[in-house]
**Q** 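First the structure, which I've put down as structure tokens, then a few questions once you've had a look.
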Amino acid sequence: MQNDIFEKLGNNLFKQLDFKDFDSKELRKMLFKMLLIRKAEEKISDNVENGVIKCPCHLAIGQEAIPTAISELVEKNDKIFGAHRSHGHYLSLNLDTFSLFAEVLGKVDGCSSGFGGSMHTIDIKNNFYGSVPIVGATIPIATGAALANKFDKNGSIAVSYFGDGACEEGVLHESLNLASIMKLPIVYVCENNLFFSHLRIDLRQPDLFTSRYAKAHKVESLVIDGNNLLELTKTLKYIISKIRKDPKPFFIEAITYRWKGHVGHRDDNDVGVKRSEDLKFWKSKYPIKRLTEGMIKNKLISENEILEIKNEINHKVDSDWQKALESKFPTDNLLIEKVYS
Ligand SMILES: Cc1ncc(C[n+]2csc(CCOP(=O)(O)OP(=O)(O)O)c2C)c(N)n1
Ligand SMILES: [Mg+2]
């Protein structure tokens, strides 16, 4: 049981959501996004379990608030980079469950024509410059994109999503150093879900927080409750608007927790990771529950309206899944074309 983690995080985090600066329309849009991401990942989880999906899928159920907040702040030429656990990063920008489902099924209508699978999503039209399986690999690429934006003086930013484990890769430090010294317009978003595969952060690191690495490179940083959608949105709005005017890097460490195990549909208790107590705790703090309960309490939505949104999402997810199942596999010719052209 991670009592120490709960104590350190619980006192400063998990505050009530503050609805003061949000209108009902904006809140419903973000609620829709979080519920869509959740439902899409549940669909993927079920189909990993029943063997229909063959590629490894890293699910981020429980972490929906972070990409939802970021995606609301993205502008025309911004470049967003994911990692291996990026279904939510992708969907937050395009809501396109069909192209994600087709990709994890290896179908030609997938966002990478079915050649990539769950860890190779991309949608440049909607600012998503890709996810890759190699831990930490997108961090220097995102840093380079920020350098290009700085040369272009276009007010655009780059966003680099990565996990607490990626901070243990050297490229994070090289990237932070370059971004700091060159004042690059980039937000490093560390989704600290307290795990690197099956290893908890307190078994790997002398400190729970990764933002200390930013401090070492003189990059401004903040630790934030990654399950509080409204605080994330408000804080990031402020940070990003400052970076657009006055380029410099920022490191935000969003504390969160994934419900599923490292990869696939199981929760990893079956492979000896003792997390059932923690899971119970974090499920009571999950971002969708906190938002819906708060909205109802503040009379910003009714139970019935939430049900209507859920029905609409269920319908979209089911019909996109069916369409993806019916989509074709790519041909051998397309494989050659993609590799050599
Ligand atoms: C360079 C490299 N090392 C190891 C792996 C195997 N691996 C894939 S995901 C992962 C854990 C990453 O943890 P974190 O960065 O915290 O992200 P999370 O899975 O928690 O979202 C590992 C070790 C890899 N893909 N690439
Ligand atoms: Mg992690």
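Both counts, for ligands and for their atoms, begin at 1 and track the order of listing.
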**Q** Examine Asp164 and say whether one of its N/O/S atoms is closer to the Mg ion (ligand 2) than 2.8 Å.
**A**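 Checking the Mg ion (ligand 2) against Asp164, an N, O or S atom does fall under 2.8 Å.
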**Q** Between Glu253 and Ser211 (side chain of the first, backbone of the second, donor and acceptor by atom type, cut-off under 3.5 Å), is there such a pair?
**A**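 Yes; judged by distance alone, with no hydrogens or angles, the pair exists.
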**Q** For atom 15 (O) of ligand 1, find the nearest protein heavy atom and state the residue, atom name and distance (0.1 Å precision).
**A**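 I find the closest protein heavy atom is Ala166 N, 3.0 Å.
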**Q** Is the cationic atom of Lys107 (NZ for Lys, CZ for Arg) positioned less than 6.0 Å from the six-membered ring centroid of Phe329 and within 45 degrees of its normal?
**A**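 Satisfied, under 6.0 Å and within 45°.
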**Q** Quick check: does any side chain N or O of Asn192 sit under 3.5 Å from a backbone N or O of Ala254, one acting as donor and the other as acceptor?
**A**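 Side chain of Asn192 to backbone of Ala254, a donor-acceptor pair under 3.5 Å: no, none is there.
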**Q** Do any of the N/O/S atoms of Asn193, backbone or side chain, fall under 2.8 Å from the Mg ion (ligand 2)?
**A**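 Of the N, O and S atoms in Asn193, at least one lies under 2.8 Å from the Mg ion (ligand 2), which means yes.
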**Q** Give me the residue, atom name and distance of the protein heavy atom closest to atom 17 (O) of ligand 1.
**A**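 The protein heavy atom lying closest is His84 CE1, 3.3 Å.
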**Q** At what distance is the nearest protein heavy atom to atom 12 (C) of ligand 1, and which residue and atom is it?
**A**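 Residue, atom and distance for the closest contact: Phe196 CD1, 3.5 Å.
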**Q** Assess His262 for proximity to ligand 1: is some non-hydrogen atom of it under 4.0 Å away?
**A**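 Within the 4.0 Å threshold, so yes.
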**Q** So Asn269 and Asp267, side-chain hydrogen bond (donor to acceptor under 3.5 Å, both in side chains) or not? Walk me through it.
**A** CA-CA 6 Å; Asn269 279 299; Asp267 66 13; 3.2 Å; yes
**Q** Confirm or rule out an N/O/S atom of Leu194, from backbone or side chain, lying less than 2.8 Å from the Mg ion (ligand 2).
**A**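 So Leu194 does not count as coordinating the Mg ion (ligand 2).
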**Q** Quick test: of every protein heavy atom, which one is nearest to atom 22 (C) of ligand 1, and how far off is it to 0.1 Å?
**A**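 Going atom by atom, the protein heavy atom closest to atom 22 (C) of ligand 1 ends up being Ser197 OG, 3.5 Å.
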**Q** Other residues, nucleotides and ligands only: do more than 12 of their heavy atoms fall within 6.0 Å of NZ on Lys310?
**A**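 No.
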**Q** Considering only heavy atoms, does Glu169 approach ligand 1 within less than 4.0 Å through its side chain, its backbone, both, or neither?
**A**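 Near ligand 1, Glu169 shows its side chain, while the N, CA, C and O stay back.
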**Q** Under 3.5 Å, is there a donor on one side chain and an acceptor on the other for Ser302 and Glu305?
**A**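 Distance-only check passes for Ser302 and Glu305.
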**Q** For atom 5 (C) of ligand 1, what's the nearest protein heavy atom and its distance?
**A**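 Minimum-distance protein heavy atom for atom 5 (C) of ligand 1 reads Val135 CG2, 3.9 Å.
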**Q** Considering only the protein, which heavy-atom contact is closest to atom 14 (P) of ligand 1, and what is its distance?
**A**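 That would be Gly165 N, 3.4 Å.
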**Q** Tell me the protein heavy atom at minimum distance from atom 21 (O) of ligand 1, and give that distance in Å.
**A**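 Here the closest protein heavy atom is Arg85 NE, 2.7 Å.
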**Q** At under 4.0 Å between heavy atoms, is it the side chain or the backbone of His58 that contacts ligand 1, or both, or neither?
**A**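 Within the 4.0 Å criterion, His58 makes no contact with ligand 1.
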**Q** Report the part of Phe195 (side chain from C-beta onward, or backbone N, CA, C, O) that has a heavy atom under 4.0 Å from ligand 1; answer both or neither where that applies.
**A**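 For Phe195, the contact with ligand 1 is made by the backbone alone.
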**Q** Can you tell me if CD on Glu303 sees more than 12 non-hydrogen neighbours from other groups inside 6.0 Å?
**A**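 Open.
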**Q** For the pair Glu191 and Arg85, find out whether any cationic side-chain nitrogen is under 4.0 Å from an anionic carboxylate oxygen.
**A**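 So Glu191 does not pair with Arg85 through a salt bridge.
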**Q** Applying a 4.0 Å heavy-atom criterion (strictly less than), which segment of Pro133 is in contact with ligand 1: side chain, backbone, both, or neither?
**A**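 For Pro133, only backbone atoms sit under 4.0 Å from ligand 1.
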**Q** Mark yes or no: Arg275 above the aromatic ring of Trp259, with NZ or CZ under 6.0 Å from the six-membered ring centre and no more than 45 degrees from the axis.
**A**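 Cation-pi check for Arg275 and Trp259: fails.
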**Q** Give a yes or no answer on whether the side chain of Arg258 reaches the backbone of Lys260 with a donor-acceptor pair at less than 3.5 Å.
**A**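 Yes; at least one donor-acceptor contact below 3.5 Å.
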